[in-house]
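Contents: one structure, followed by commentary.
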Amino acid sequence: MAEKIQSIRGMNDVLPDETPYWQWVEEKLRQLMAAYHYDEIRFPIVEKTALFKRSIGEVTDIVEKEMYTFDDRNGDSLTLRPEGTAACVRAGIQNGILVNQQQRLWYMGPMFRHERPQKGRYRQFYQLGVEVFGLNGPDIDAELIIMTARFWKILGLEKSVNLQINSLGTSESRAGYKTILSNYLQANKDLLDEDSQRRLESNPLRILDSKNPKMQEMIEQAPRLMDHLDEESQQHFTRLCAYLDAVGIAYEINTRLVRGLDYYSKTVFEWVTDKLGAQGTVCAGGRYDGLVKQLGGREIPAVGFAMGLERLIELLEKEEIKKHLKHPHIVMLMMGERAQNAGFALTEQIRNEVRNIRVYTICGAGSFKSQMKKADKSQAKIAIILGDDELDNDVVTIKYLRADKDNDTAQQQQITQQQLIELLNKLS
Ligand code: ATP
Ligand code: MG
């Protein structure tokens with residue numbers, strides 16, 4: 001036998017017994033986006049490396065360690081997108097859809113990061129991303145949070161996740177704080193790990209995002225950015241809190257929340273669960289008022305978030321969703337060659353005349369018994385049997401596979417094709 005080729009570590013297949021949960025979540029997300037009047041945008045999975053370096057920041061985990069970067073055949077440096085925001089901004093600027101307009105956009109698809117694979121952390125993973133352009137008030141920040149809170153309810157996860165919020169201020173106000181933070185970190189230099197020592201000069205704020213347990217106490221004691229906010233950011237944050245209070249969304253103000261990317265300003269937030277071990281963040285986002293300009297566009301305010309679909313699906317109550325899975329309504333059994341010829345025409349007629357019906361046609365022939373076994377397994381409600389007898393008499397045999405109040409499964413009856421269509425129209 002030829003040697004088997006395995007998939008890439010951290011890049012998973014989603015098999016048919018799992019895809020229904022993915023489809024369920026995706027469908028609910030599409031409905032959610034429609035309910036808030038957001039439009040879908042699609043952009044490539046690969047972009048020029050410079051796009052991510054310039055937006056996410058050179059001195060971040062993603063850019064320093066996690067990007068899938070390669071030279072293509074022309075020698076251009078390309079990168080598999082590690083996140084969607086930068087690409088969305090690039091697409092918005094390039095297509096001229098950001099200037100003098102407001103955009104409320106969403107996208108869904110795979111992202112790629114070369115991390116150590118573990119539960120809830122993969123090298124190809126899926127995100128829903130939402131990005132809003134052209135609005136600078138805290139009301140839109142609140143809408144994004146309200147929208148995600150609604151989504152947890154739809155998924156039955158409202159008790160599993162908690163909201164943390166913080167403000168990073170404007171980049172000007174952050175500059176002053178950076179000096180104060182640097183001084184503090186300098187004084188505690190021996191407590192810093194290798195990454196953080198290196199970032200002390202280049203990006204001290206990133207040190208606050210460290211997950212290293214040994215550094216948590218030192219980080220806890222660090223001067224708080226919240227105490228150094230400019231007036232405008234302070235007001236923005238107070239208004240945001242007021243909106244959340246007004247709709248009854250509970251939150252925790254986490255003054256250490258800085259997020260792992262450089263482009264954020266003012267509002268940042270994360271929805272966190274304690275049910276997934278260390279991989280606890282299921283949704284994260286914030287405002288990034290400087291990014292459009294930084295990537296060559298006009299000065300356009302923006303805010304967004306991304307949620308990781310694997311972590312969400314891990315949290316779902318699957319038994320509950322199973323009840324909503326879509327089985328076929330009917331299954332067609334065709335006995336003999338004549339019936340097979342006539343059967344395809346009949347199933348097409350059924351699909352033409354019965355709206356939204358799901359018909360499973362058993363292919364590959366086989367004995368009645370083996371076809372019945374497949375029919376049973378399909379969980380269809382009704383089997384339709386077509387054989388020589390039925391064809392001679394211009395009828396079909398129907399058999400109920402699942403008993404309900406009107407039918408018992410022992411019963412078998414013969415009806416005309418027209419009667420069948422009428423019956424199915426009542427059923428689907
Ligand atoms: P973490 O702190 O867990 O590394 P992050 O801050 O790097 O997350 P973001 O870049 O904000 O994550 O991405 C938003 C969301 O995407 C995360 O909250 C998480 O749900 C999901 N996510 C990020 N990286 C991965 C990954 N490697 N595998 C699966 N999901 C991920
Ligand atoms: Mg990460």
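This chain uses plain numbering: 1 for the first residue, then up along the sequence. Both ligands and their constituent atoms are indexed starting at 1 by order of listing.
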Step-by-step side chain to side chain contact (heavy atoms under 4.5 Å, CB included) determination, L157 to E317: CA-CA 9 Å; L157 296 179; E317 206 49 74; over 6 Å; no
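- Using a heavy-atom distance under 4.0 Å as the criterion, the protein contacts of ligand 1 are R113, E115, G120, R121, Y122, F125, Q127, K211, R259, T281, V282, C283, A284, A306, G308, R311.
- Cation-pi geometry between K266 and F237 is not met at under 6.0 angstrom from the ring centre and within 45 degrees of the axis.
- None of F43, F305, Y38 except one satisfies the ring-ring contact (aromatic ring centres under 6.0 Å, His included) rule with Y107; the exception is F43.
- Checking each of D193, D209, D61 against R199 for a salt bridge (Lys or Arg N to Asp or Glu O under 4.0 Å) leaves exactly one that passes, namely D61.
- Looking at residues two or more places apart in sequence or on another chain, you find no side chain to side chain donor-acceptor pair (under 3.5 Å) involving T255.
- Geometrically, R121 does not engage F125 in a cation-pi contact defined by less than 6.0 Å to the ring centre and at most 45° from the axis.
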